[in-house]
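Some notes on the structure that comes next.
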Amino acid sequence: MSNQFPPPHQNPQAGLPSYTGPALDPSYVYGPAQPQKMPGGVRAAQVIIWVLSGMCLIGSVIGGAMYGPRAAGAVLGGNFLLIPLCVLAFRYHLPGHGKRVASIVLSSVQILVGFGALGRGGGPGALILVGCSIALVILLSQGAAGAWFKRPSTPGPAQWQGQGYTG
């Protein structure tokens, strides 16, 4: 019987030998890898929502200054769904599939509102609204966006209470 390892007093790296077998798949040990960085499609949708909201606000102020409060209200009224979309976009960094579904539904309704504005002669603003709303639906319907919003949330201190955690 041969001894593969020298006695501890002769071994400079005394202790247990390192594992020399086949490498383990990290997804087997730790579970499937979760995306840690927001996908580009979700980030692009977030930026589109913020830009549309800013354009709506600027258009309302300019319309109000040039044509009166009725024009400002018309601009805000035609883009009323951008308000909840903007609120949701600020929360895209958190997990939760409902934000994605709500954003897709709001964008779909915004497409219909934009087509109505185009039918009334809304001009280039309505065309921009329809195009960007279609882009939002496409970007948020991708698989990477679904994986981002469906990722598990890490428990915070409020979730630890009552579960034996005393730290």
Side-chain angles (χ1 to χ4, degrees), residues 25-163 165:
D25 183 18
S27 66
Y28 176 76
V29 177
Y30 301 108
Q34 299 298 322
Q36 298 299 320
K37 187 177 176 188
M38 187 181 296
V42 177
R43 177 66 71 184
Q46 197 176 35
V47 169
I48 287 172
I49 291 170
W50 290 336
V51 168
L52 277 177
S53 299
M55 287 174 44
C56 174
L57 183 63
I58 291 171
S60 178
V61 169
I62 291 173
M66 294 178 73
Y67 303 109
R70 186 174 182 131
V75 171
L76 282 178
N79 299 305
F80 65 95
L81 293 174
L82 285 176
I83 296 168
L85 271 172
C86 189
V87 171
L88 288 171
F90 277 108
R91 305 204 32 99
Y92 279 1
H93 66 283
L94 299 172
H97 188 60
K99 289 185 287 287
R100 175 179 174 241
V101 171
S103 296
I104 291 172
V105 169
L106 288 170
S107 296
S108 299
V109 173
Q110 190 70 35
I111 291 170
L112 297 175
V113 171
F115 279 140
L118 277 173
R120 289 188 315 265
L127 189 61
I128 291 171
L129 179 68
V130 169
C132 289
S133 297
I134 290 171
L136 286 174
V137 170
I138 291 170
L139 289 170
L140 293 174
S141 297
Q142 294 176 349
W148 174 255
F149 286 109
K150 290 179 184 176
R151 73 190 189 280
S153 62
T154 56
Q159 294 173 338
W160 290 333
Q161 294 177 357
Q163 297 179 0
Y165 180 76

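Put simply, the side chain of Ser108 gets close to the backbone of Ile104: a donor and an acceptor are under 3.5 Å apart.
Pairs of residues two or more places apart, or lying in two chains, that qualify as ring-ring contact (aromatic ring centres under 6.0 Å, His included) and include a residue from residues 92-138 are Tyr92-Phe149.
In terms of heavy-atom proximity, Ile128 sits nearest to Met55 at CG2-CE, 3.9 Å. Shortest non-hydrogen contact noted between Leu118 and Gly123 is CD2-O, 4.0 Å. Summarising the geometry of Ala117 relative to Ala126, their closest heavy-atom pair is CB-CB, 3.7 Å, with the distance given to 0.1 Å. Taking both residues in full, the closest heavy atoms of Gly63 and Ala71 are given as O-CB, 3.6 Å, listed atom of the first, atom of the second, then distance. Between Asn79 and Cys56, the shortest heavy-atom contact is CB-SG, 3.5 Å. Between Gly114 and Leu129, the closest heavy-atom pair is CA-CD2, 4.0 Å.
The structure places CG of Leu81 at 13.0 Å from SG of Cys86, a figure rounded to the nearest 0.5 Å. Between the CD1 atom in Ile49 and the OG atom in Ser133 there is a gap of 9.0 Å [rounded to 0.5 Å]. Taking CD from Gln110 and CD1 from Ile134, the interatomic distance works out to 11.5 Å, rounded to the nearest 0.5 Å. Separation of atoms CH2 (Trp148) and CZ (Arg43) is listed at 8.0 Å; rounding is to 0.5 Å. For the atom pair Gln46 CD and Ser103 OG, the distance stands at 10.0 Å (nearest 0.5 Å). The distance from atom CG of Leu85 to atom CD1 of Ile48, rounded to the nearest 0.5 Å, is 11.5 Å.
No side-chain heavy atom of Val61 sits less than 4.5 Å from a side-chain heavy atom of Val75.
Leu57 pairs by the side-chain contact (heavy atoms from CB on, under 4.5 Å) definition with nothing, not counting sequence neighbours.
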